[in-house]
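Read through the structure below, which is laid out as structure tokens, and then see the notes.
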Amino acid sequence: MDLGIVGRKAIVCASSKGLGRACAEELARAGCEVVINGRNRDALEAAAAELRRATGARVSAVAADVGTAEGQQALLAACPEPDILVNNNSGPPFRDFRELTRQQMLDGVIANMVAAIELTQKVIDPMVRRRFGRIVNITSGTTKMPLAGLDLSSGARAGLTAFMAGVARSVAASNVTVNFLLPGAFDTDRLRSNIEANARKQGISYDAAAQQRVASIPAKRFGTTAEFGAACAFLCSAQAGFITGQNILLDGGAYPGTF
Ligand SMILES: NC(=O)c1ccc[n+]([C@@H]2O[C@H](COP(=O)([O-])OP(=O)(O)OC[C@H]3O[C@@H](n4cnc5c(N)ncnc54)[C@H](OP(=O)(O)O)[C@@H]3O)[C@@H](O)[C@H]2O)c1
């Protein structure tokens, strides 16, 4: 399927590996110029080189923390008027909510809510003027189905979702869409470290903890990053202009509700 976005400019935050990287790769394959991002410069440059090799696209790399003002400035300096913005960041570590300090809670809200809003503020008006914009926020299935220990992550992302729901309607008439991708369990380093932590907590092996997790997913497997990237690229396509304000679960059927 031709996604109709050849030559579009995309910023994909937190994308040197995992879900963000898969989104960057699919957008690059669809013909976009892509800015990728991560804090570790070497890993980021290596990812950019691989993406260029794999897709032939123009890929630039901005080594920066997306949660900071300087990091956001650096991203926008590399691509001042993106057509596509994929908001992503790392999530807070697993922690019993009783142990969270005030500062940790504020940091979590900045990382998983405020940063995405700040970047959106900076890119949305030029999108409205050009009458094309696609904003995809990577949040989490835990915004709909909580997971103990990820309460801060779930809460901050639910806040982002509610905030952006109004923003989405305010720009819909200008062919600017704002949507949310809610990953369940995808095979990335983040998932592996969560499984490791769970295995340690229960005193069981990594494989046993991974099997427990897989058993709870109707699809009986973890998602692949390629599946996630393809969903993101479709939401960024020309054809997806009538889809906005939507929370799309990619979880192999794990969420048990009908709606
Ligand atoms: N994988 C899953 O199953 C799953 C499920 C639900 C939700 N999620 C959420 O989806 C998001 C992506 O997860 P993932 O599994 O793709 O993680 P991942 O494999 O650990 O990759 C995270 C990527 O983000 C970059 N990054 C992290 N913090 C950053 C920052 N402050 N500024 C810029 N770049 C940053 C990392 O590079 P550097 O470390 O070099 O910065 C890396 O490229 C996370 O918020 C996660 O909580 C994932």
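Values below: all heavy atoms of this structure, side chains included; hydrogens, waters and symmetry mates excluded. Just follow the structure's listing: the first ligand is 1, and inside any ligand the first atom is 1.
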Atoms of ligand 1 less than 4.0 Å from [X] heavy atoms?
X	answer
Gly91	44 (C), 45 (O), 47 (O)
Ala64	32 (N), 33 (C)
Leu19	10 (O), 16 (O), 48 (C)
Asn40	40 (O)

Out of Thr139, Asn88, Asp187, who is nearest to atom 9 (C) of ligand 1 when you count heavy atoms only?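 When every heavy atom of Thr139, Asn88, Asp187 is considered, Thr139 comes closest to atom 9 (C) of ligand 1.
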What protein heavy atom is closest to [atom], reported as residue, atom name and distance in Å?
atom	value
atom 32 (N) of ligand 1	Val66 N, 3.0 Å
atom 21 (O) of ligand 1	Lys17 CG, 3.5 Å
atom 15 (O) of ligand 1	Thr188 OG1, 2.5 Å
atom 17 (O) of ligand 1	Arg190 CB, 3.3 Å
atom 47 (O) of ligand 1	Arg157 NH2, 2.8 Å
atom 3 (O) of ligand 1	Phe186 N, 2.7 Å
atom 26 (N) of ligand 1	Ala14 CB, 3.7 Å
atom 45 (O) of ligand 1	Asn89 O, 2.5 Å

Before accepting this row, confirm whether a basic side-chain N of the pair Arg21/Glu50 lies closer than 4.0 Å to the acidic partner's carboxylate O.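 Yes, Arg21 and Glu50 are salt-bridged.
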Hey, are Glu227 and Arg221 close enough for a salt bridge, meaning a charged N less than 4.0 Å from a carboxylate O?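 The answer is yes: the pair qualifies as a salt bridge.
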Supply the members, apart from Val86, of the Ile/Leu/Val/Met/Phe/Trp/Tyr cluster built from side-chain contacts under 4.5 Å; use none for a lone residue.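 Answer for Val86: Met1, Leu3, Ile5, Val12, Leu19, Leu27, Val34, Ile36, Leu44, Leu51, Val59, Ile84, Phe132, Val136, Ile138, Leu181, Phe186, Phe228, Phe234, Leu235, Ile243, Ile248, Leu250.
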Do [X] side-chain atoms and [Y] backbone N/O form a donor-acceptor pair below 3.5 Å?
X	Y	answer
Arg190	Gly91	yes
Ser16	Ala43	no
Gln72	Val66	yes
Arg131	Ala173	yes

Using a plain distance cutoff, I'd like to know if [X] has any nitrogen or oxygen under 3.5 Å from a nitrogen or oxygen of ligand 1.
X	result
Ile138	no
Ala185	no
Ser140	no

Measure Ala111 to ligand 1 on non-hydrogen atoms and call it side chain, backbone, both or neither using the 4.0 Å cut-off.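 None of Ala111 does.
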What do we get for Gln72 next to ligand 1 when only non-hydrogen atoms under 4.0 Å count, side chain, backbone, both or neither?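 Neither part.
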So is Gly184 touching ligand 1 or not, going by heavy atoms under 4.0 Å?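 Yes; Gly184 lies near enough to ligand 1 that a heavy-atom distance drops under 4.0 Å.
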Can you confirm whether Tyr206 is buried at OH, in the sense that more than 12 heavy atoms of other residues, nucleotides or ligands lie under 6.0 Å from that atom?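 Yes, enclosed.
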Scan for side chain to side chain donor-acceptor pair (under 3.5 Å) pairs involving residues 132-148, sequence neighbours excluded, and state none if there are none.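 Non-adjacent pairs meeting side chain to side chain donor-acceptor pair (under 3.5 Å): Asn87-Asn137, Arg134-Asn175, Ser140-Thr142, Thr142-Ser154.
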Would Thr188 and Arg192 count as having a side-chain donor-acceptor pair, cut-off 3.5 Å?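 The criterion, which ignores hydrogens and geometry beyond distance, is not satisfied for Arg192 and Thr188.
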Do Phe222 and Tyr255 share a hydrophobic cluster, counting only Ile, Leu, Val, Met, Phe, Trp and Tyr and linking them when any side-chain heavy atoms are less than 4.5 Å apart?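 Shared cluster, no.
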Using 0.5 Å steps for rounding, measure from the CD1 atom of Ile110 to the CE atom of Met105.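 Ile110 CD1 to Met105 CE: 13.0 Å, rounded to 0.5 Å.
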